[in-house]
Each structure stands twice: as C-alpha cells, then as structure tokens.
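Here's the structure, in structure tokens; my notes come after.
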Amino acid sequence: MNAYAPILVLGALGAGFAIFSVVMATLIGPKRYNRAKLEAYECGIEPTPHPAGGGRFPIKYYLTAMLFIVFDIEIVFLYPWAVTFDALGIFGLVEMLLFVLTVFVAYAYVWRRGGLEWD
C-alpha cells in the first residue's frame with residue numbers, strides 16, 4: 001500500500017483542486033446573463049433547429065472519428081518501442097521503420113482519397 005500512497009495523494013489533490021475550482025467559480029464568478037450568453041454557440045455559425053429525434057449526423061463525421069482512432073492507436077504502439085529502444089537494437093529500429101512506413105502509406109492513401117477534407 002505504501003507504493004500507491006503518492007498516487008492516491010496526487011489523485012486526491014487533483015480531485016480537491018477541481019472541486020474547489022468549480023465551487024469557487026460558481027460562488028465568486030460574475031453572474032451577468034444576457035440573451036447572447038444563453039444562446040447555443042456552434043463555431044460562429046448561427047444555430048439551426050434540429051428534428052425532435054436529434055437528426056442524422058453526416059457520414060464524414062464518423063469517417064473522421066474512425067480515422068482519428070486508427071491513427072491514434074497506431075501511434076500508441078510507439079511508446080513501448082521508445083521505452084525498450086536500447087534493448088531491441090537494430091532489429092527494433094528496422095521493425096519500427098517498417099511500422100512507421102506502413103502508417104505513412106495509410107496516411108498518404110487517406111489524404112489522396114480526400115478523407116482529411118471537411119466540406
């Protein structure tokens with residue numbers, strides 16, 4: 001349990017700071033509400049009404065989300081390699097170069113097909 005004490009203390013400090021910040025902002029912060037502040041904000045575009053069921057999302061949204069997840073997961077594989085870089089030697093370097101080349105080919109393919117353009 002002694003090994004986990006610093007982690008628990010840090011977690012408690014972080015949670016305490018977050019709770020303290022939210023509570024103090026609500027108590028001390030300015031409360032000047034006006035019509036413009038209470039309106040929904042959508043990246044500078046006037047909000048548009050949506051159907052009762054929420055409407056449909058464009059397919060580009062899901063494609064972009066899947067691309068993000070795929071490339072994000074591939075990049076996560078770089079961390080264990082970086083930690084054990086010295087132990088792997090030249091074999092690890094060559095394997096990682098092949099992996100990065102594969103990721104780059106996939107990225108170039110997506111870029112060429114227009115998967116990164118948001119219309």
Exercise answer: donor-acceptor pairs, residues 14-32 side-chain atoms, under 3.5 Å, sequence neighbours excluded:
from	atom 1	to	atom 2	distance (Å)
Ser21	OG	Phe17	O	2.8
Thr26	OG1	Val22	O	2.5
Thr26	OG1	Val23	O	3.0
Lys31	NZ	Thr26	O	2.8
Lys31	NZ	Leu27	O	3.4
Lys31	NZ	Gly29	O	3.2

Measuring from atom OH of Tyr79 to atom OG1 of Thr84, what distance do you get when rounded to the nearest 0.5 angstrom?
14.5 Å

Does the pair Phe77 and Met96 meet the rule for a side-chain contact (heavy atoms from CB on, under 4.5 Å), with working shown?
CA-CA 9 Å; Phe77 286 119; Met96 191 47 66; 5.6 Å; no

Verify whether the ring centers belonging to Trp111 and Tyr107 lie closer than 6.0 Å.
yes

Given the rule that I, L, V, M, F, W and Y join up when any side-chain heavy atoms are under 4.5 Å apart, are Val9 and Tyr4 in one cluster?
no

Atom OH of Tyr61: over 12 foreign heavy atoms under 6.0 Å
no

Can you tell me how far apart CG (Leu8) and CG (Leu13) are? Round to the nearest 0.5 Å.
11.0 Å

Can you hop from Leu97 to Phe91 via hydrophobic side chains spaced under 4.5 Å?
no

Which residues pass the side chain to side chain contact (heavy atoms under 4.5 Å, CB included) test with Val83, not counting sequence neighbours?
none

Using the side-chain contact (heavy atoms from CB on, under 4.5 Å) rule, pick out the option among Val105, Ile75, Leu78 that qualifies with Val100.
Leu78

Between CG of Leu98 and CG of Leu93, what distance do you get to the nearest 0.5 Å?
9.5 Å

Verify same cluster id: Phe71, Ile69 (apolar side-chain graph, 4.5 Å)
yes

